[in-house]
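Have a look at the structure below, then the notes.
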Amino acid sequence: MSIASNVHAFDKRLLARMIGALGEDKIIGRIALELGQVFSELLPDMLEAETGCDITIGYAGFRTGLRNEVIADLGDGAVLGDVSLRNWCTDFQIGCDSPVLIALVEAVLGAEPTSIEEPLPRPLSKIEIDVGVPVFHKVAEVLRTAVDAPGGFEPVVGRPYNSPERPKPDPTIEDVYAAAIDMTIGLGPVLSTFSVIVPQSVLLKTEIASVRGAGENQNAKSEWAEQLEEQVRRSAVTLEARIRLESLTLNTISRLQPGDVIPFHDGSEVRVDVNANGRDLYVCEFGRSGSKYTVRVRDTHGSEQDILRHIMS
């Protein structure tokens, strides 16, 4: 004879509310608004003074839900960074739409912000992510100021990555309830959103510090902007050289064997086209230095800034 069990699974949301891991939207909204006001006050001056660009920041609301779902809602065109701040939260995220970071690269390379066309969301290249790193650090720095964590520790920001590269959630680890504080970030005609995703268990215990007037200490073009430019210029790029060979019939090509020789198309000076990322950069001539074959640059495809933009695009 079977005995009906009177044991039922405990409601997860109710349990989360009981232990302080899930809050009312009204409470979360108040904290998110206070944090959004801090970002609106401090971040524009920090970024505008650092880059020399007129960057606007505004509060765009908040979202709640399980953390993995909140992060997934950012979409495939976002860039993510994993962050920790000792004595406050060991695991939270910053996400940013890619178009504004693409536009920032253009601005760093000398483009007038008002002339930049709004890019479509897409995964960023390694160099574009390099440029985005300081933006994530500035967002984390403002957050550290706002939450006033004991000990005065600096946030630890992991290298940002394209959202499709985020590891799949471990099904054996229970997800947590989180809130995303969404902020608009504008550069010229480009308007994007960045988000700070924090477990609600942390946010509900956070008192947002008043920081009005802080951050009034920057110049029009700071050392950070120079570091951004230098970071772009020092990024490693793989070059490829192409040399035109004499035309051969398909029958001849199919019969080539190791040791056979194909002559260059050119006569005395052999033209070499050098490119990176599929973009032609230089016209060179073929040569030799000691035991090494070399190419000597004869002409360029545009100015230094043109070449940088070609490589970045």
Kindly check if the number of other-residue, nucleotide or ligand heavy atoms within 6.0 Å of [atom1] ([X]) is above 12?
X	atom1	result
Glu118	CD	yes
Arg86	CZ	no
Glu207	CD	no

Please list, chain by chain and in numerical order, all residues satisfying side-chain hydrogen bond (donor to acceptor under 3.5 Å, both in side chains) with [X], sequence neighbours excluded.
X	result
Thr206	Trp88
Glu34	Arg30
Asp175	Asn68
Arg144	none

Under 4.5 Å between any side-chain heavy atoms of [X] and [Y], yes or no?
X	Y	result
Thr64	Ile28	yes
Gln93	Ser195	no
Leu35	Val198	no
Met183	Tyr59	yes
Leu33	Phe62	no
Phe92	Leu85	yes
Leu101	Val131	no
Thr56	Pro44	no

Can you tell me how far [atom2] of [Y] sits from [atom1] of [X], rounded to the nearest 0.5 angstrom?
X	Y	atom1	atom2	result
Glu240	Asp273	CD	CG	10.5 Å
Thr145	Met46	OG1	CE	7.0 Å
Glu165	Asp76	CD	CG	11.0 Å
Ile116	Ile102	CD1	CD1	11.0 Å
Leu143	Ile181	CG	CD1	8.0 Å
Arg122	Asn162	CZ	CG	9.0 Å

For [X], check side chain to side chain contact (heavy atoms under 4.5 Å, CB included) against everything at least two apart and list the hits.
X	result
Glu69	Leu66
Cys284	Val272, Val274, Tyr282, Val295, Val297
Glu285	Glu269, Arg296, Arg298

- In chain order, what residues pass the ring-ring contact (aromatic ring centres under 6.0 Å, His included) check against Phe39, with sequence neighbours excluded? Phe194
- Going through the distances and angles, do Ile262 and Leu256 end up as a side chain to side chain contact (heavy atoms under 4.5 Å, CB included)? CA-CA 9 Å; Ile262 305 174; Leu256 289 175; 3.7 Å; yes
- Do any pairs count as a ring-ring contact (aromatic ring centres under 6.0 Å, His included) and have a residue in residues 96-141, sequence neighbours left out, and if so which ones? none
- Item | ring-ring contact (aromatic ring centres under 6.0 Å, His included) contacts touching residues 64-85 (sequence neighbours left out) |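 Listed once each, the pairs would be none.
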- Query: Do Asp299 and Arg271 meet the salt-bridge criterion of a basic N to acidic O distance under 4.0 Å?
  - Reply: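 Salt bridge flag = no for Asp299 with Arg271.
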- Using a strict 4.0 Å threshold on nitrogen-to-oxygen distance, state whether Arg159 and Asp130 make a salt bridge. yes
- Which heavy atom in Gly77 sits nearest to a heavy atom in Ser163, and how many Å separate them?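 Looking at all heavy atoms of both residues, the shortest contact is N-OG, 4.2 Å.
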- Message: Under 4.5 Å side-chain heavy-atom separation, chaining through any Ile, Leu, Val, Met, Phe, Trp or Tyr, what else clusters with Ile71? Say none if it is isolated.
- Response: Val70, Leu74, Leu80, Tyr161, Ile197
- Query: Can you get from Ile185 to Leu120 by hopping between Ile, Leu, Val, Met, Phe, Trp and Tyr side chains that sit under 4.5 Å apart?
  - Reply: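 No; tracing contacts between hydrophobic side chains, which count when under 4.5 Å, never links both residues.
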- Joint hydrophobic cluster, Val202 plus Leu204, side-chain heavy atoms closer than 4.5 Å: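 Val202 and Leu204: one cluster.
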- Item | Flag for Thr172-Asp170: side-chain donor and acceptor within less than 3.5 Å | yes
Report all side-chain donor-acceptor pairs from residues 147-156 shorter than 3.5 Å, counting only partners two or more places apart or in another chain.
none

